[in-house]
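Please read the structure below before turning to the comments.
Letters A, B, ... mirror the listed sequences (proteins, then strands); counts begin at 1.
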Amino acid sequence: MISAILVMAAIGLVLGGILGWASIKFRVQDDPLVEKIDAILPQTQCGQCGFPGCKPYAEAIAKGEADINQCPPGGADGVNRLAELLGVEPKPLGEGLEAKPKSVAIIDENTCIGCTLCIQACPVDAIIGAAKQMHVIVASQCTGCELCLPPCPVDCISMQVIKEDVVNWKWRYPIHMMKRAA
Amino acid sequence: MENYLLILIGTVFVNNIVMSKILGLCPFMGVSRKLETAIGMGAATTFVLTLASGASYLVDTYLLGQDLAYLRTLSFIVVIAGIVGFTEMFIKKSSPVLFRVLGIYLPLITTNCAVLGIPLLNVQEQHNFLESLFYGLGGALGFSLVLVLFAAMRERLEAADVPKPFRGVSIAMITAGLMSLAFMGFAGLIR
Amino acid sequence: MNQKLYTFNGGVHPDVHKAESNATPIRTMPLSARYVVPMRQHIGEPARPVVAVGDRVLRGQMIGAAEGYVSTAVHAPTSGRVVAIEACAVPHPSGLFDLAVVIEADGEDQAIAYQPLDWRSLDPSALRNRMRDMGLAGLGGAVFPSYIKLNPGAQKIHTLILNGAECEPWITCDDRLMRERAPEMLRGIEIMRHALGCQTVLIGIEDNKPEALAAMRAAAPAEIEVVAVPTMYPGGGGKQLTYTLTGVETPTGGRSTDVGIQVFNVGTAYSLYRAVEIGEPLISRVVTLTGHVAQPGNFEVRIGTPLADLISAGGGMLPGASGEIIGGPMMGFDLMDLAAPVTKAVNCLIVKNPKFFPIKPIELPCIRCGACARACPADLQPFEMYWYSRAKDFGRAQGYNLFDCIECGCCSYVCPSHIPLVDYFRFAKSEIWEREREKRAADLARSRHEFKAFRLEREKQEKAEKFAKAAEKSKAAASSNADPTAPADPDAEKKKAILQAALERAQKAKESVAPKNTENLPPRVQKEIDEIEARRATVEATTETKE
Amino acid sequence: MIGSPYILGRNSTSAIMLKVMLALIPGIVAHAWLFGPGIWVSLFLCSAFAIVFEALLLLMRGLPLKPFLSDNSALLTAWLLALSLPTLAPWWLYAIGMLFAIVVAKQLYGGLGQNLFNPAMIGYAALIVSFPVNMTQWAAPVGLADHALTLLDAFDVVFAGQGSISADAYTSATVLDTWKTQARLGTPSESILSQPIFGWAGGQGHEIVALMYLAGGLLLLSLKLITWHIPLAFLAGLAATAGVLHLIDPTQHASPLLHLFSGGAMLGAFFIATDPVTAASTPRGKLIYAGMAGLLTAIIRAFGGYPDGVAFAVLLMNVCVPFIDTYTQPRVFGHHPGHSKGRKS
């Protein structure tokens with residue numbers, strides 16, 4: 001009986017030594033997972049995922065506090081790519097969240113009073129204007145995060161869905177003739 | 001020398017760990033979603049299994065001997081856990097990508113029944129040190145070969161419009177079954 | 001004649017149907033009543049309209065200026081009045097509308113004064129800028145602004161290839177052009193050679209066009225070689241013709257200029273001649289009208305002529321027509337709206353009939369037979385790309401070199417299961433392009449967001465520093481007057497005196513300004529003020545006790 | 001919204017399958033002439049079961065019957081399976097074979113073009129593993145059998161089981177079977193070869209059928225339905241390995257000629273290994289795939305437990321096909337040579 005305990009103790013000691021030495025030799029700093037997750041997120045900084053921006057949401061996912069399907073602008077495709085990166089099962093978008101078509105904010109010039117509240121609210125500085133001067137949104141830089149709508153006192157900002165034109169028109173998925181014939 | 005070659009061919013093709021002995025199925029199903037992860041897992045398992053079968057032979061002959069035979073399974077598992085821990089740190093250092101993609105399945109090598117099964121089979125068939133090393137290597141190579149081929153098949157299956165109830169793991173199970181049917185061709189190869 | 005020919009893999013032999021439209025000479029179309037000239041007729045930025053509604057324009061007058069580097073100008077096809085600048089129907093697979101200038105023709109067809117160019121003495125960059133303002137674009141179908149292609153740029157261009165292969169079935173506009181206007185075309189080729197500064201010039205013409213070969217060989221000077229290339233679709237593809245004539249493979253993702261070869265369509269050479277030697281901008285081109293029409297043939301058509309007028313010029317559609325195709329049957333697209341005009345890119349209009357263009361049979365699953373891989377001129381594996389494009393796994397589709405596909409249609413043509421392979425590839429390509437656009441927008445948004453965070457941080461720091469400095473100054477000021485023995489330097493004294501005077505003045509100003517509106521108040525208002533004062537006193541009392 | 005091209009070539013999948021079946025006809029006729037009418041019964045049964053199962057599955061999957069049944073792929077699988085099974089086996093053997101082939105190996109994977117394993121060979125493998133006895137009762141050549149069967153007798157045997165005629169009246173062991181058992185008992189090769197069932201190259205009668213399959217295969221090659229890579233590599237792999245083994249120990253291992261013209265070698269090389277859906281798709285991949293299949297066939301025939309290794313060899317190589325395809329991608333136009341264009345995901 002004693003020899004059994006001695007043998008197991010000996011094996012434990014030897015392996016413990018090897019592992020101790022290995023953990024020192026293979027010290028490794030944290031791996032850049034957060035940047036990889038951040039690269040997938042659409043960077044609209046809209047906060048619909050419950051975090052103040054895409055970077056905090058990425059850190060939360062890396063730490064495992066946040067689920068991968070809380071980002072509506074990313075849509076189902078974004079969730080799938082996050083699932084593939086983290087090697088987990090892809091999930092549908094969270095409850096109550098659906099991916100709206102991409103849209104851009106437009107300021108109605110004749111009601112804007114130039115109060116600069118929306119300029120401070122815009123996460124990507126896409127609004128140009130000064131106190132008591134006319135404000136305008138640079139359409140190419142607006143991410144459609146709708147953060148400038150609440151602070152506007154005169155509600156002169158409206159969201160406009162990006163229309164399909166000759167440049168961004170996409171070829172459709174060819175309809176499977178057979179399915180239609182069935 | 002010819003005997004070792006025979007052991008190697010025998011364990012890789014004829015009584016393949018996964019296909020004929022149906023061992024090590026959970027990593028086989030779990031890690032075979034993408035080809036790169038499968039190759040990584042195959043390499044890790046081969047490293048662990050070869051070391052483990054060598055170490056477990058030493059532990060069995062020199063430490064346990066006849067009277068402590070009942071400690072065999074316990075000591076083998078401890079040895080395997082040690083080696084897997086070492087491998088885990090090594091992979092975390094050498095390629096963090098592979099480490100993250102393998103995820104839970106890397107520590108799970110410890111619980112892979114093939115990894116524990118082969119040392120026990122070594123003891124059962126009274127292999128000497130070199131034979132058990134080759135047996136371990138052969139078993140692991142067989143596992144990796146089948147795992148990599150299966151991963152390539154599953155990647156192609158991903159895009160097939162399999163009928164709804166059979167999507168995902170169930171068609172993978174059927175494919176694994178048909179693979180073992182194919183491997184039956186090797187039955188009786190080594191007299 | 002001793003030019004060694006190379007054969008690329010793949011390619012198909014559809015029946016060419018050239019005889020329908022290459023028998024009759026090129027006819028010029030009568031003037032139409034209205035012309036719709038789109039601003040986007042070339043690859044790159046659309047032209048910017050420089051005329052206003054109501055202006056009177058002459059033939060050849062610039063109505064759209066080139067915008068940015070990759071762009072070219074657009075000109076009025078005839079004299080008349082601009083009636084509208086709005087979104088009109090354009091020949092595009094989407095059927096969407098695009099910005100166009102609508103001109104009401106006045107029938108006089110009065111042109112601006114054409115100034116021919118002495119291109120031999122003009123230095124090449126000036127020549128190229130004139131070409132940019134003359135609206136020259138590739139007429140082979142790619143419509144890439146020609147002035148950019150005429151620029152040899154860093155690499156040395158040693159070979160100029162003229163593409164007269166015209167391998168697409170049904171289309172014969174280049175064939176007729178070469179037969180009837182070979183001398184002028186060769187003058188255009190001379191200009192190209194001068195601009196590019198290259199020695200060898202090869203003209204590739206498929207051997208199923210003997211008359212065109214003869215005409216070009218008769219008109220060609222000794223050093224320009226006219227080569228008969230074997231008839232095979234897509235022998236006329238830019239990369240394929242370059243390989244057939246020179247054995248050089250255009251590197252993936254790059255252009256033939258990376259290997260010192262430049263390719264032009266023969267039609268472009270002819271329009272270069274008219275632009276330089278006559279001074280007439282690109283306002284008309286030769287278009288094939290063929291298929292189910294009364295008199296199929298080739299027409300000299302003004303850019304902007306509605307396609308309906310072109311069809312009526314060809315004797316109108318025969319009964320039983322089942323739709324129209326812009327371009328050839330292999331790479332063209334369905335025309336959605338007959339009101340759409342002829343643009344620089346339209347080289348052919350085919351009126352379909354069920355006999356030659358039957359309805360596509362039902363698509364069966366792919367049996368991986370490899371016929372498409374054998375037919376692909378780019379040596380790709382179309383069934384592997386199809387497999388992952390269908391499953392919308394764009395990463396892997398790109399892994400199988402999806403972007404090397406030239407969408408020639410050979411794979412769909414030979415597929416025994418009649419799978420529209422090219423449609424799957426176009427779908428996958430546009431999805432990947434859109435994803436790349438989103439990626440660029442996301443990166444821009446991230447960098448702007450990070451800059452905003454940095455900017456806020458910086459402002460906070462600056463404010464903190466300002467307070468810190470102000471606090472020091474006031475401390476320093478307090479310490480200087482607390483220690484009188486310090487040697488008072490004269491200007492500090494003077495500054496303190498000025499400060500003192502300013503303070504007194506402000507003090508006096510405050511007293512003199514008595515609040516006017518609190519003296520003769522009606523008793524009711526006075527009572528209210530007293531109550532508020534009382535309440536304020538009690539509040540101040542409670543706050544003092546709290547601290 | 002289907003775009004260009006608006007014109008299509010002339011061939012179609014159903015035409016391809018039909019042509020392959022026509023190329024099988026010479027072999028079938030030779031088989032019927034040399035081994036009695038049993039082949040017609042098994043062909044009819046297999047085809048019937050194939051159509052029934054395929055229709056059943058298509059209905060269950062809610063797909064239209066007409067386009068899929070008319071593409072003859074189920075019929076071709078049925079014919080291939082019927083030709084690789086013994087002819088006078090009981091009817092349920094054909095039913096189970098077709099069940100595995102059509103339902104498990106093909107429809108469960110999504111139907112035509114998506115299966116990973118060759119359906120006919122899955123059927124054969126399932127049968128030989130589960131019913132080894134029935135699978136070794138091959139019809140004897142008409143000359144040798146002591147009782148020539150008519151078509152009616154064949155139906156009677158297949159449906160009524162033993163019925164009036166005893167089994168060994170019309171069956172005999174195949175060439176490979178006798179060689180393997182005799183060689184392992186140590187009888188010298190000359191005496192084995194002198195037995196009546198051995199003809200000049202393969203089994204008596206079997207070599208004629210093999211020649212007919214060879215002719216059908218060459219017809220397929222001329223019609224450009226298959227490329228030369230697979231049949232050539234398969235036969236070369238088989239002959240080379242058998243040759244080497246024969247040189248090492250002529251008494252144990254038969255001559256390559258016998259291997260080529262016996263069992264399912266010719267049928268396998270031209271009709272089974274070349275099934276485009278489950279074979280490798282790149283030229284280099286095809287050479288590796290078929291060469292290894294030939295090698296494995298010879299190994300299994302020489303050392304394995306089963307008489308004929310073609311089925312298992314093809315299945316084993318079907319397992320490797322996705323892996324082979326991934327890493328034998330040909331060089332794409334414009335990619336400078338030597339640059340490995342493996343799959344980038």
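Between C:H449 and A:Q43, the closest side-chain pair of non-hydrogen atoms is not below 4.5 Å. The side-chain heavy atoms of A:W169 and C:P93, taken from C-beta on, include a pair separated by under 4.5 Å.
At a 4.5 Å heavy-atom cutoff, the contact between A:D77 and chain C is made by side-chain atoms alone. Only the backbone of A:D165 comes within contact range of chain C, judged by heavy atoms closer than 4.5 Å.
Heavy-atom minimum distance, A:Y173 versus C:S389: CE1-O, 4.4 Å. The minimum heavy-atom distance between C:A442 and A:P42, with the atom names listed, is CB-O, 3.6 Å. Across A:Q45 and C:R446, no two heavy atoms sit closer than the pair NE2-CA, 4.2 Å.
Interface residues of residues 116-142 of chain A toward chain C, defined by a heavy-atom distance below 4.5 Å and sorted by number: A:I119, A:Q120, A:A121, A:C122, A:P123, A:V124, A:D125, A:S140, A:Q141.
No other option in C:R435, C:K392, C:K429 has as many heavy-atom pairs under 4.5 Å with chain A as C:R435. Your options are C:S430, C:S94, C:A87, C:A453, and the one with the most heavy-atom pairs under 4.5 Å with chain A is C:S94. Interface check for chain C: of the options A:N168, A:T44, A:I40, A:N80, the most heavy-atom pairs under 4.5 Å are formed by A:N168. Ranked by non-hydrogen atom pairs under 4.5 Å with chain A, the options C:R455, C:H418, C:K439 are led by C:R455.
Rounding to the nearest 0.5 Å places NZ of A:K170 at 7.5 Å from CZ of C:F427. Atoms CZ and CH2, from C:F333 and A:W171 in turn, are 8.0 Å apart once rounded to the nearest 0.5 Å.
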